[in-house]
Amino acid sequence: MELNTKYMGHNIKYFDEINSTNVYAKQLIKEVKPPEGTLIWSDKQLQGKGRLGRTWASAANVGIWMSLILYPKLEPEKISPLTLVAGLAMCQSLREISGLNIKLKWPNDLVVNGKKICGILSEMIMLAEQEVAVVTGIGVNVNTKEFDTELAYATSLLLETGKQFNREVIISKFLSQFECLYEVYNKEGTFLSLRHEYENLCVNMDADVCIHIGDEKFLAKAVSLSDNGNLCVRYEDGRLEEVSSGEVSVRGVGNYV
Ligand code: BT5
C-alpha cells in the first residue's frame, strides 16, 4: 500500500480472517507493545465488535475492518474524543474519495442518506499510572452489495454510488488525514481546533436528538460541541447540558439519524 505518512500504518499486520482486529490489537499491546501507528487490518472478521457488546457485520472482501494502535500523551479523560478525531478524518477522506455527502453522527458513526456507513470503537488500556494505549477500531462498508435484513439502517459506498472502491486507497488517505488531526489533538489536548470542522460535518447539529442514559430517554436539541468533544444539548425545559460520549447514545427522533 502506498502511504504518505510519517508513522501511521508503517507497521501493518494483515489477516485474511480474524476474530476481531480490536481484540487482536489489545492482545498485541499486552504482549509486545508494537510501535505507534501499527495497523491491524483483516479482510473478514468472525466476531466483529460494536460498543456495549453489540456485533459488527464484517463480511469478506467488501469492507475495511481495521484497528490502529496509539500511545497518546494525554490524560485518560482526554482519550474518548480520539474517536471523534478518527471519525472526522474518515469522514473527510470518504467525502473526498466518493463525493458523497457523508456526515458524522456524534460520537462514533458516519452516515449518509440516513444510514450508517462506518462505525468506530475505541478502547483504552492503562499501561502504567500515566501511560495509556488506545485501540481505535474502524469499520467501513465499502463494496457491500446487501446487508442482512436486521441491518435495515446500514449502507455502503457501493450501494450509495453504484461504484466499487479500492480499499487501500481509502485506508491510505485516512491514515494521512488521521495522522495530521491526531498530532493536533495530541499536542493541544483539546478539541478546540477541530471543533468547527466537526460541527460543520455533524448531522446532529441543530437537530432533535433523543439522549439515552441507561434506561431513560430525554428529548433535546443538539446545539454545539464543547472543547472537550462533549455534545452540548438543550432540553425541552430550556436547560443546557453537556453530555459525554461515554454516558449516552444519541438517536434521531423517530428514526436512526
Ligand atoms: C460501532 O458500534 O459502530 C463500532 C463498530 C466498530 C467496528 C470495527 S471493525 C474493526 C474493529 N474491530 C472490531 O471488532 N470492531 C472494530 P455500535 O455503535 O455499537 O454499533 C453497532 C450496531 O451497528 C449494531 O448493533 C448494528 O445495529 C449495526 N451494525 C452492525 N454491523 C454493521 C455494519 N457493517 N454496517 C452498519 N451497521 C452495522
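All ligand and atom numbering here is 1-based and tracks the order in the structure. These numbers come from a predicted model, not from an experiment.
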Practice prompt. List the steps, then state whether side-chain contact (heavy atoms from CB on, under 4.5 Å) holds for Asn230 with Leu225.
Written response: CA-CA 6 Å; Asn230 287 342; Leu225 208 69; over 6 Å; no

Per-atom contacts of ligand 1 with [X], taking only distances under 4.0 Å to non-hydrogen atoms:
X	value
Gly119	3 (O), 4 (C), 5 (C), 6 (C)
Gly48	14 (O)
Ala154	35 (N), 36 (C), 37 (N)
Thr21	10 (C), 11 (C), 12 (N)

Give yes if a backbone or side-chain nitrogen or oxygen of [X] is under 3.5 Å from a nitrogen or oxygen of ligand 1, and no if not.
X	value
Trp65	no
Gln47	no
Gly137	no

Check: [X] side chain, [Y] main-chain N or O, donor-acceptor pair, under 3.5 Å:
X	Y	value
Asn143	Leu158	no
Tyr185	Lys78	yes
Asp148	Glu150	no

Do [X] and [Y] pair up side chain to side chain, a donor and an acceptor below 3.5 Å, judged on atom types alone?
X	Y	value
Gln45	Thr21	yes
Ser42	Glu17	no
Glu197	Gln92	yes
Asn22	Ser20	no
Asn141	Ser156	no

Which bit of [X] gets closer than 4.0 Å to ligand 1, counting heavy atoms only: side chain, backbone, both or neither?
X	value
Met66	backbone
Arg51	both
Asn108	side chain

Minimum-distance protein heavy atom relative to [atom]:
atom	value
atom 31 (N) of ligand 1	Ala57 N, 2.9 Å
atom 9 (S) of ligand 1	Gln45 NE2, 3.3 Å
atom 28 (C) of ligand 1	Leu151 CD2, 3.7 Å
atom 15 (N) of ligand 1	Lys49 O, 2.8 Å
atom 25 (O) of ligand 1	Arg54 CD, 3.4 Å
atom 5 (C) of ligand 1	Trp56 CE3, 3.5 Å
atom 3 (O) of ligand 1	Lys116 NZ, 2.7 Å

Discussion item. With a 6.0 Å cut-off (strictly less than), is the heavy-atom count around CD of Glu77, excluding the residue itself, greater than 12?
Written reply: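 Yes, enclosed.
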
Practice prompt. Any chance you could lay out the side chain to side chain donor-acceptor pair (under 3.5 Å) test for Ser98 and Glu160, step after step, and finish with the verdict?
Written response: CA-CA 9 Å; Ser98 70; Glu160 295 298 323; over 6 Å; no

Worksheet entry | Ring-face cation of Lys33 near Tyr71 (centre distance under 6.0 Å, axis angle within 45°) |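 Yes; both conditions hold, so Lys33 lies above the ring face of Tyr71.
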
Discussion item. Taking only non-hydrogen atoms of Ser58, do any sit less than 4.0 angstrom from ligand 1?
Written reply: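 No; Ser58 lies far enough from ligand 1 that no heavy-atom distance drops under 4.0 Å.
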
Worksheet item: What do you reckon, does Thr55 put a non-hydrogen atom under 4.0 Å from ligand 1?
Response: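 Yes; Thr55 lies near enough to ligand 1 that a heavy-atom distance drops under 4.0 Å.
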
Practice prompt. Could you check which of Asn141, Asp148, Thr83, Ile120 puts a non-hydrogen atom nearest to atom 4 (C) of ligand 1?
Written response: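 Ranked by closest heavy atom to atom 4 (C) of ligand 1, first place is Ile120.
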
